[in-house]
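Below, each value reflects all heavy atoms present in this structure, side chains not excepted, and no hydrogens, waters or symmetry copies. None of the values given here were measured: they were computed from a predicted structure.
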Amino acid sequence: MKVVALAGGVGGGRLAHGLALAGADLTVIVNTGDDFTHLGLRICPDIDSVTYTLAGIANREQGWGVAGETTAAMERIRRLGGEDWFLLGDRDLALHILRTDRLRQGEPLSAVTADIAAKLGITARILPMTDDPVATMVQTPAGELSFQNWFVRRRAEGAVTGFRFDGIEAARPAFGLTEALAAAEAIVICPSNPYVSIDPILSVPGLREAMPKVPVIAVSPIIGGEAVKGPAARLLRELGTEASPVGIADHYGSLLSGMVIDEADAGLAARLRIPVRATKSLMQTDEDRLALARECLDLAGSLAWTS
Ligand code: FO1
């Protein structure tokens, strides 16, 4: 089945891996709102989480960076007084150095991303949501913060009043993105943060319009009122309706055809006005990733004739 997955970082990479294991003809559209230039290097955290996970070299517990990483460069940067709040491992740095060099020579992010994925033996297509610069800004009562400053430096603490995707108005879908959507038989919205991972993707002008009339299945990133990782539950409480699959469904609205929620939230299925599957949605092993992906594809398949 031709599947397009919309993904952020950690949860996105894991379900994308499950979809690849399930044999889907997979394209992953990845959020680039977290991207920033740091120590002169262009860092693309969600693209790298998805890439490393699909390549089987990710630091599984952490959700970002490379397994078995060393930090010799970071230690020397620290000793020489460089910025050390954003930890870049040695192998990760190699990718940032090469990518930055190629971007600086004018190569689009989608081309660099595709080539790195191929070099790492990945068969799925990994596409940034756009080749143009977009920066998620976090709005707080004290003013705006850049995403990584908020997420890493301030550990996503403090009141948030909203998000702004700087540059989104001028952003065009990445090369090949609308064609991938047009060919899709199902769309899977991965269990990523709806505000800072999925909304930027859906905000790229022309992307929503390019969504085909096929089942759109979202996997809830909230289990039992909590996010598996990150501030999604708190943000839903502060900005949305409720920290639950119901809040997620409200957030995505009419876009959704169906939803996969965790068995802990099965009691909420009646409040969701769309077809729902309740299953184990916490992905701790590759088998979990595969099983969750199969649940998504099975639900999409059961809805295909109604779209
Ligand atoms: N997240 C952290 O909380 N601390 C870090 O030091 C950190 C470094 C880092 C380096 C490369 C990379 O690709 C991701 C990194 N992340 C780090 C995660 C990053 O903040 C992502 O934006 C989040 O995973 C949200 O998607």
Requested in this report: List the steps, then state whether salt bridge (charged side-chain N to carboxylate O under 4.0 Å, His left out) holds for Lys2 with Glu185.
Outcome: CA-CA 5 Å; Lys2 289 188 186 319; Glu185 296 167 273; 5.7 Å; no
Query - Stepwise side chain to side chain donor-acceptor pair (under 3.5 Å) check, Arg208 with Ser203 - result: CA-CA 8 Å; Arg208 267 185 183 264; Ser203 303; over 6 Å; no
Query raised in the report: Run the side chain to side chain donor-acceptor pair (under 3.5 Å) check on Ser49 and Asp46 step by step: do they pass?
Result: CA-CA 5 Å; Ser49 285; Asp46 285 352; 5.1 Å; no
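Between the side chains of Ser244 and Arg271, no donor N or O sits under 3.5 Å from an acceptor N or O. Using modelled atom types and a 3.5 Å distance limit, the side chains of Thr37 and Arg42 yield a donor-acceptor pair. Side-chain contact check for His96 and Arg99: at least one donor-acceptor pair (N or O, by modelled atom type) lies under 3.5 Å. Between the side chains of Asn149 and Ser146, a donor-acceptor pair is found at a separation under 3.5 Å.
Between Val30 and Met129, every side-chain heavy-atom pair lies at or beyond the 4.5 Å cut-off. By the 4.5 Å heavy-atom criterion applied to side chains, Glu144 and Arg164 are counted as neighbours. Counting heavy atoms from C-beta outward, Ile201 and Ile189 have side chains that stay 4.5 Å or more apart.
Under the 4.5 Å side-chain heavy-atom criterion for ILVMFWY residues, no single connected hydrophobic cluster contains both Leu98 and Leu109. Clustering ILVMFWY residues whenever any of their side-chain heavy atoms sit less than 4.5 angstrom apart, transitively, puts Leu235 in a cluster other than the one holding Met137. No single ILVMFWY cluster, assembled from side-chain heavy atoms under 4.5 Å apart, contains both Val246 and Ile223. No single ILVMFWY cluster, assembled from side-chain heavy atoms under 4.5 Å apart, contains both Val10 and Trp150. Val196 and Leu6 fall within a single hydrophobic cluster, where Ile, Leu, Val, Met, Phe, Trp and Tyr side chains are chained together by heavy-atom contacts under 4.5 Å.
Of all heavy-atom pairs spanning Cys190 and Gly11, the tightest one is CB-O, 4.5 Å. Residue Met211 comes nearest to Ile187 through the heavy atom pair CE-CG2, 4.1 Å, listed as atom of the first residue, atom of the second, then distance. In plain terms, the two heavy atoms of Leu303 and Ser257 that are nearest each other are CD1-O, 3.6 Å. Minimum heavy-atom separation, Ala233 to Ala227: CB-N, 3.7 Å. Pairing each heavy atom of Met259 with each of Ser220, the nearest pair is CE-CB, 4.0 Å. Contact between Ala184 and Val214 at its shortest, heavy atoms only, is O-CG1, 3.4 Å.
With hydrogens and angles disregarded, a donor-acceptor distance shorter than 3.5 Å links the side chain of Lys280 to the backbone of Leu282. Between the Ser197 side chain and the Ser192 main chain, no donor and acceptor come within less than 3.5 Å of each other. With hydrogens and angles disregarded, a donor-acceptor distance shorter than 3.5 Å links the side chain of Glu69 to the backbone of Asp90. Listed for the Thr140 side chain is a donor-acceptor partner under 3.5 Å among the backbone atoms of Ala142. Not a single donor-acceptor pair under 3.5 Å links the side chain of Asp265 to the backbone N or O of Leu268. Side chain of Lys229 to main chain of Gln62: a donor-acceptor pair is present (N/O by atom type, distance under 3.5 Å, no hydrogens or angles). Under the 3.5 Å distance criterion, the side-chain polar atoms of Thr71 are left unmatched by any main-chain donor or acceptor of Met74. Under a 3.5 Å cut-off, the side chain of Gln148 and the backbone N or O of Arg153 do not form any donor-acceptor pair. Between the side chain of Arg14 and the backbone N or O of Arg60 there is at least one donor-acceptor pair closer than 3.5 Å. Side-chain atoms of Asn59 do not come within 3.5 Å of backbone N or O of Trp64 as any donor-acceptor pair.
In this structure, the separation between CZ on Arg294 and CZ on Arg277 is 14.0 Å, given to the nearest 0.5 Å. Annotation: the span from Arg289 atom CZ to Gln284 atom CD amounts to 10.5 Å, rounded to 0.5 Å. Here the CG atom belonging to Asp288 is positioned 8.5 Å from the CG atom belonging to Leu292, to the nearest 0.5 angstrom.
Hydrophobic clustering, defined by side-chain heavy atoms of Ile, Leu, Val, Met, Phe, Trp and Tyr closer than 4.5 Å, groups Leu290 together with Leu21.
Residues Asp132 and Arg172 are paired through a salt bridge, judged by an N-O separation under 4.0 Å between the basic side chain and the carboxylate. Ion pairing between a basic and an acidic side chain is recognised when a charged N comes within 4.0 Å of a carboxylate O; Arg79 and Glu75 show no such pairing.
Annotation: Phe147 is not in aromatic contact with Phe163 [ring centroid separation under 6.0 Å not met].
Taking the six-membered ring where tryptophan is involved, the planes of Phe36 and Trp85 are tilted, since the angle between them lies from 30° to 60°.
Screening Val28, Val188, Asp25 for a side-chain contact (heavy atoms from CB on, under 4.5 Å) with Leu19, the sole residue that qualifies is Val188.
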